[in-house]
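See structure below.
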Amino acid sequence: MRVGDTSNPEGRDPLGFDLGPMATAPSPAGLRALTELSRGEEWLVQPKQLDDAGLLWSPGVRLGVSESSTFWSESVGVPVLGVLHSHTISEGIAKQNLVGGGAVAGLQANDGDEILGWLEGVQAASLSVNRPTTVARIERQPGGGWNEAIMGLPALAGGPNWLLALGSWQPREGTRSDTLHLRGLDPEIQLLIEAAQEELSYEDFDALRRAALADALAWRTSLGVVHDAIGLGIERNTLRYWPVATQIRLAERASVASLLRVIAAALLVRAPVAVSTGEVLPSAISSFLASQGIEVSLERDDDWIERLSVVGPLGPTELWRRECG
């Protein structure tokens with residue numbers, strides 16, 4: 001790999017460099033990742049500092065790194081890789097999900113079953129099969145985060161939804177229909193709306209019903225369909241929308257209808273969720289949520305915020321473990 005400083009190429013072609021300098025010198029943690037081995041580890045390729053400022057390093061590879069090693073967090077942003085061994089593809093997926101923040105994941109494989117299993121199980125925003133993970137391209141390979149690599153409401157940079165999270169949105173009332181049918185909804189969503197019917201005003205019931213129908217149409221025709229919008233032919237660049245584990249919060253004095261709106265969407269996409277509410281839910285709704293295995297906790301706004309500041313909400317890892325038994 002050709003390493004060089006594009007601002008000072010020393011007579012070489014700067015466009016020929018594969019790796020340039022870092023923006024800042026490595027932190028103490030980054031320096032440990034570049035220079036210090038833990039027990040049982042060894043260098044396959046040892047990094048070397050190539051300038052006095054510590055910005056330019058030749059890349060390194062270390063072997064024997066364990067999944068619990070601090071290397072995975074310390075090596076972020078510095079040119080060094082760790083090699084972690086697994087005996088099966090399932091074990092490899094579990095370790096890949098455990099040690100990474102979820103920005104990008106890659107697989108080199110020729111076995112179709114292994115590839116399909118990996119695509120179903122791995123947790124990352126951008127997945128690469130039999131091609132590099134480091135080359136982000138607009139539409140073809142947008143960049144983003146998953147699990148610990150994100151905060152807030154993310155959208156993949158360079159993807160079709162990047163601008164959606166940058167604006168503000170207002171709900172549209174829509175047009176009321178002449179019927180109150182629930183045809184086309186999944187059975188669980190029908191049961192949710194029926195359980196809530198006596199607790200909602202006509203307007204809230206109809207808004208919830210129409211929103212659930214609109215969600216179902218969007219999921220079945222667009223968001224729930226894996227598709228290749230680029231169509232290059234020589235490679236596949238597919239876009240998919242994957243359910244994520246989520247804790248849903250209903251604030252004190254907030255409308256129960258707004259909570260049901262989100263729960264209906266979660267049921268549609270089969271996302272594992274937990275509910276924290278500042279309002280006592282009607283018994284029919286509580287019974288339905290219990291029948292679906294959805295945990296409900298009652299807590300005041302101040303208590304919920306305090307809990308978030310200490311331990312955080314029930315996170316994706318815990319929820320996925322609960323969903324998977």
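Every heavy atom of this structure was used, including side-chain atoms; hydrogens, water molecules and symmetry mates were not. Numbers here are sequence positions counted from 1.
Rounding to the nearest 0.5 Å gives a distance of 12.0 Å between NE2 of His85 and OG of Ser66. Atom-to-atom distance recorded for Arg12:CZ and Asp5:CG is 9.0 Å, nearest 0.5 angstrom. Rounding to the nearest 0.5 Å places CZ of Phe288 at 5.0 Å from CG of Leu267. Taking CD1 of Ile93 as the reference point, atom OG1 of Thr88 lies at 8.5 Å (rounded to 0.5 Å). Annotation: the span from Glu67 atom CD to Asn97 atom CG amounts to 12.5 Å, rounded to 0.5 Å. The structure places CD of Glu199 at 7.0 Å from OG of Ser283, a figure rounded to the nearest 0.5 Å.
The nearest pair of heavy atoms linking Gly278 to Glu252 is O-CG, 3.7 Å. Of all heavy-atom pairs between Pro21 and Gly4, the closest is CD-O, 3.7 Å. Scanning both residues, Leu119 and Trp242, for their nearest heavy atoms gives O-CZ2, 4.4 Å. Listed here is the closest heavy atom pair of Phe17 and Val3: CD2-C, 4.2 Å. Ser38 approaches Arg62 most closely through the heavy-atom pair N-NH1, 4.1 Å. Residues Ala274 and Ile294 come closest through the heavy atom pair CA-CG2, 4.4 Å.
Using a 4.0 Å cut-off between a side-chain N of Lys or Arg and a carboxylate O of Asp or Glu, Arg240 and Asp228 do not qualify as a salt bridge. Ionic pairing of Glu299 and Arg307 is present here: one or more N-O contacts between side-chain nitrogen and carboxylate oxygen are shorter than 4.0 angstrom. For the pair Arg253 and Glu279, the salt-bridge criterion is not met [side-chain N within less than 4.0 Å of a carboxylate O]. We find that Arg220 and Asp186 are joined by a salt bridge, their nearest charged nitrogen and carboxylate oxygen being less than 4.0 Å apart. A salt bridge links Arg261 with Asp215: the distance from a Lys NZ or Arg NE/NH1/NH2 to an Asp or Glu carboxylate oxygen falls below 4.0 Å. A salt bridge links Arg210 to Asp206: at least one charged side-chain nitrogen sits closer than 4.0 Å to a carboxylate oxygen.
A donor atom on one side chain and an acceptor atom on the other are found under 3.5 Å apart for Gln96 and Trp118.
When each of Thr70, Val65, Val80, Leu34 is checked for a side-chain contact (heavy atoms from CB on, under 4.5 Å) with Ser75, only Val80 meets the rule.
Transitive grouping of hydrophobic side chains (ILVMFWY, heavy atoms separated by less than 4.5 Å) keeps Val129 and Val104 in distinct clusters. Linking ILVMFWY residues whenever their side-chain heavy atoms come closer than 4.5 Å, directly or via other members, places Tyr202 and Leu192 in the same cluster. Residues Leu268 and Leu182 fall within the same hydrophobic cluster, defined by Ile, Leu, Val, Met, Phe, Trp and Tyr side chains chained together at heavy-atom separations under 4.5 Å. Leu50 and Leu81 are assigned to two separate hydrophobic clusters, defined by single-linkage of ILVMFWY side chains at heavy-atom distances under 4.5 Å. Under the 4.5 Å side-chain contact rule for hydrophobic residues, Val296 and Ile193 share a cluster.
For Arg131, the CZ atom sits in a packed shell: over 12 heavy atoms of surrounding residues, nucleotides or ligands are nearer than 6.0 Å. Counted within 6.0 Å of CG on Asp111, heavy atoms from surrounding residues, nucleotides or ligands total more than 12; the atom is thus considered enclosed. Atom CD of Gln108 is surrounded by more than 12 heavy atoms from other residues, nucleotides or ligands within 6.0 Å. Atom CD of Glu306 sits in a sparse spot, with 12 or fewer heavy atoms from other residues, nucleotides or ligands closer than 6.0 Å. Within a 6.0 Å sphere centred on CG of Asp52, heavy atoms belonging to other residues, nucleotides or ligands number 12 at most. Counted within 6.0 Å of NE2 on His87, heavy atoms from surrounding residues, nucleotides or ligands total 12 or fewer; the atom is thus considered open.
A donor-acceptor pair is defined here as one N or O able to donate and one able to accept, closer than 3.5 Å; no such pair exists between the side chain of Ser222 and the backbone of Ala218. Using modelled atom types, one side-chain atom of Arg209 and one backbone atom of His181 make a donor-acceptor pair closer than 3.5 Å. With Gln190 contributing its side chain and Leu185 its backbone, the two residues share a donor-acceptor pair below 3.5 Å. Looking at Trp57, its side chain never comes within 3.5 Å of a backbone N or O of Asp51 through a donor-acceptor pair. At least one donor-acceptor pair closer than 3.5 Å links the side chain of Ser58 to the backbone N or O of Lys48.
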task = Could you walk me through whether Ser297 and Thr277 pass side chain to side chain contact (heavy atoms under 4.5 Å, CB included), step by step?
result = CA-CA 6 Å; Ser297 58; Thr277 173; over 6 Å; no
task = Take Ile263 and Ile189, measure what side chain to side chain contact (heavy atoms under 4.5 Å, CB included) needs, and give me the verdict at the end.
result = CA-CA 9 Å; Ile263 292 175; Ile189 302 175; over 6 Å; no
message = Is there a side chain to side chain contact (heavy atoms under 4.5 Å, CB included) between Thr238 and Ile230? Walk through the geometry before answering.
response = CA-CA 8 Å; Thr238 58; Ile230 306 301; over 6 Å; no
task = Evaluate side chain to side chain contact (heavy atoms under 4.5 Å, CB included) for Leu232 paired with Asn237, printing each intermediate quantity in order.
result = CA-CA 8 Å; Leu232 293 179; Asn237 296 278; 3.9 Å; yes
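Both tests do not hold together for Arg300 against Trp304: distance to the six-membered ring centre under 6.0 Å, angle to the ring axis within 45°.
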